[in-house]
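Notes follow once the structure below has been shown.
Start at 1 with the first residue, then count along the sequence. Note that these values count all heavy atoms, side chains included, but never hydrogens, waters or copies made by symmetry.
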Amino acid sequence: MKVLVMGGTSFNGLALVRELAKTGHDVTICNRGKTDAALPRGVARVACDRTDAAAVRAALGGREFDAVFDISAYTPADVELMVELFRGRTGHYLFASSTVIYAPTNLLPITEGHPLDRGPRQNGYGANKILCEEILLREWRERAFPCSIVAFSMVFGPNNIIPDREQRMFARMLQGRKVLIPGDGTTLGMVGHVDDQARAMRMMMQNPRTFGRRYNLTGDDYYSDEGYVDTIAEVTGRGASNVEKVFVPPALMDRLWSGEVAVGGRGSGTTSTVRASFDARSQQLFKLQGLVQRLAPNLHHWNRSVLFSVERLKQDTGWRPEYTFTSAVEHTWEWFVREGLDRTREFDFSFEDEILALVER
């Protein structure tokens with residue numbers, strides 16, 4: 001098939017491009033052309049800044065594709081422009097959304113029919129994803145625009161552009177640091193491997209059963225916070241029995257999470273994902289989520305288990321994840337070492353040192 005990928009050079013998009021090329025599709029990517037990536041042979045590139053509507057119209061107007069994968073749309077304006085350009089010019093438009101749209105709940109797993117969080121806890125990223133979805137579902141209902149929505153959760157794997165997740169834990173192990181675990185370590189979470197997710201999107205392509213529907217996309221197993229730490233310790237060669245785990249008391253975690261106790265640090269280092277525009281409490285929340293990988297701390301309390309169902313995707317496409325959590329860690333660790341990041345990736349752990357001091361006081 002003739003396929004367009006909006007984005008295509010970073011993490012999710014790059015994995016998708018490689019999956020599509022590997023399975024024989026004619027792939028074109030559209031992005032600013034500023035990210036250097038090892039693309040498969042034959043992939044065509046269109047350079048344009050998607051925030052410049054005139055430039056996007058000039059680059060893509062009048063072109064037709066069997067499928068359009070939109071990995072880089074974040075605002076309603078992004079999606080409205082794609083609908084304008086590809087209404088009647090594509091057999092399928094697939095939009096990358098996020099599981100941060102869902103409201104917190106203790107009834108697990110979260111399915112696609114779960115209520116969305118449109119309240120004051122929601123941030124701009126999640127709110128915009130919800131608005132994008134509304135546009136697409138309206139287009140499907142009113143004009144039969146062939147679209148599908150893919151709600152990504154925390155994605156795991158090589159080339160992750162959010163190093164404060166698994167790569168930060170790798171660094172802790174390499175440095176022999178004490179590892180902070182919130183509460184008693186029994187909170188549950190899950191991730192999906194980037195290659196599994198690319199394969200799922202490819203399997204959705206031009207499948208009419210997926211039109212007008214949202215699909216959760218993550219892994220098929222889950223871990224406790226302590227299990228996350230133990231698994232990475234074993235894979236990196238440190239060994240779970242050699243890790244000094246420091247369990248942060250629930251009362252202290254509550255006070256840190258609420259902002260009653262403020263911990264400064266100098267940030268998360270050169271690879272920080274904490275945005276300077278966030279207020280002090282939001283910055284602290286997003287630093288705390290880095291202790292053990294955590295989804296959307298603005299919505300989910302530190303000790304709330306967050307699990308998603310992928311049964312709809314399985315039923316409608318026949319997809320099954322090939323990676324377990326352990327094999328995903330193994331694959332990502334191999335990449336991390338092969339790229340020399342075990343020697344060059346730097347993190348600032350001063351924030352964690354301050355918490356450690358509070359625990360040990």
Side-chain angles (χ1 to χ4, degrees), residues 1-17 19-20 25 27-31 50-51 53 56 60 63-102 112-114 116-118 122 124-155 192 194 197-218 308 310 312-313 316-317 319:
M1 292 187 191
K2 187 178 179 183
V3 179
L4 173 67
V5 177
M6 298 296 292
T9 54
S10 297
F11 199 33
N12 293 308
L14 180 59
L16 175 61
V17 167
E19 172 69 19
L20 292 168
H25 298 284
V27 183
T28 297
I29 64 172
C30 179
N31 54 47
R50 74 173 302 160
T51 63
V56 176
L60 299 175
R63 300 188 65 170
E64 296 186 2
F65 295 91
D66 296 307
V68 175
F69 292 89
D70 201 341
I71 308 300
S72 61
Y74 298 104
T75 69
D78 293 338
V79 170
E80 287 169 346
L81 181 56
M82 290 294 102
V83 171
E84 172 195 322
L85 292 175
F86 292 108
R87 188 186 291 124
R89 294 184 181 275
T90 186
H92 197 183
Y93 174 88
L94 297 96
F95 169 68
S97 187
S98 172
T99 55
V100 302
I101 62 175
Y102 294 117
E112 290 83 355
H114 186 75
L116 308 186
D117 196 310
R118 305 169 189 267
Q122 186 60 269
Y125 174 80
N128 277 325
K129 289 293 187 181
I130 291 172
L131 294 174
C132 290
E133 289 194 13
E134 289 176 346
I135 293 167
L136 291 172
L137 294 175
R138 183 174 64 248
E139 286 291 324
W140 165 248
R141 290 193 305 269
E142 297 178 0
R143 298 182 178 87
F145 181 64
C147 60
S148 300
I149 295 164
V150 184
F152 286 88
S153 192
M154 294 182 294
V155 189
V194 66
Q197 304 201 3
R199 188 167 49 85
M201 294 190 78
R202 190 258 301 166
M203 292 175 71
M204 289 177 64
M205 183 168 52
Q206 284 209 355
N207 178 346
R209 294 184 68 182
T210 72
F211 293 174
R213 307 192 86 187
R214 180 197 304 125
Y215 292 86
N216 295 337
L217 182 49
T218 185
F308 300 97
V310 292
R312 173 182 285 184
L313 182 62
D316 286 1
T317 69
W319 169 85

Which atom of Gly126 lies closest to which atom of Ile101, heavy atoms considered: O-CG2, 4.0 Å

For the student: nearest non-hydrogen atoms of Gln206 and Pro208, plus distance: O-CD, 3.2 Å

Pairwise distance CD1(Ile130) to CG(Leu116) - rounded to 0.5 angstrom: 5.0 Å

Interatomic spacing from CE in Met201 to OG1 in Thr317 - rounded to 0.5 Å: 12.0 Å

side-chain contact (heavy atoms from CB on, under 4.5 Å) assessment of Arg143 paired with Val83: CA-CA 11 Å; Arg143 298 182 178 87; Val83 171; over 6 Å; no

Under 3.5 Å donor-acceptor, Thr99 side chain and Ala151 backbone: no

Any side-chain heavy-atom pair of Arg50 and Met82 under 4.5 Å: yes

Heavy-atom pair with the smallest gap, counting every atom of Ala73 and Phe95: O-CE1, 3.6 Å

Parallel, tilted or perpendicular: ring planes of Tyr102 versus His114, cut at 30 and 60 degrees: perpendicular

Flag side-chain contact, heavy atom, 4.5 Å: Thr210 against His92: yes

Pairwise side-chain contact, Val194 with Asn12, heavy-atom cut-off 4.5 Å (strictly under): yes

Side-chain donor/acceptor of Gln122 to backbone N/O of Val100, under 3.5 Å: yes

Arg89 backbone acceptor or donor facing Arg63 side chain under 3.5 Å: no

Residue of the set Val5, Thr9, Val3 for which side-chain contact (heavy atoms from CB on, under 4.5 Å) holds with Val17: Val5

Minimum-distance pair of heavy atoms, taken over all atoms of Gly7 and Asn31: O-ND2, 2.8 Å

Student check: side-chain heavy atoms of Leu4 and Thr90 closer than 4.5 Å: no

Least distance between heavy atoms, Glu112 atom then Asn216 atom: OE2-N, 2.9 Å

Heavy-atom check, side chain of Phe152 versus side chain of Val150, under 4.5 Å: yes

Atom pair CD (Gln197) and OG (Ser153), whose distance is rounded to the nearest 0.5 Å: 8.0 Å

Nearest non-hydrogen partners of Asp316 and Arg213, listed with the distance: OD2-NH1, 2.7 Å

From Ser97 atom OG to Asn128 atom CG, the distance as rounded to the nearest 0.5 Å: 10.5 Å

Spatial distance of atom CZ (Arg209) from atom CE (Met204) [nearest 0.5 Å]: 12.0 Å

Spacing of Phe86 atom CZ and Leu81 atom CG [to the nearest 0.5 Å]: 8.5 Å

Aromatic ring pairing Phe145/Tyr93, orientation class (parallel under 30°, perpendicular over 60°, tilted between): tilted

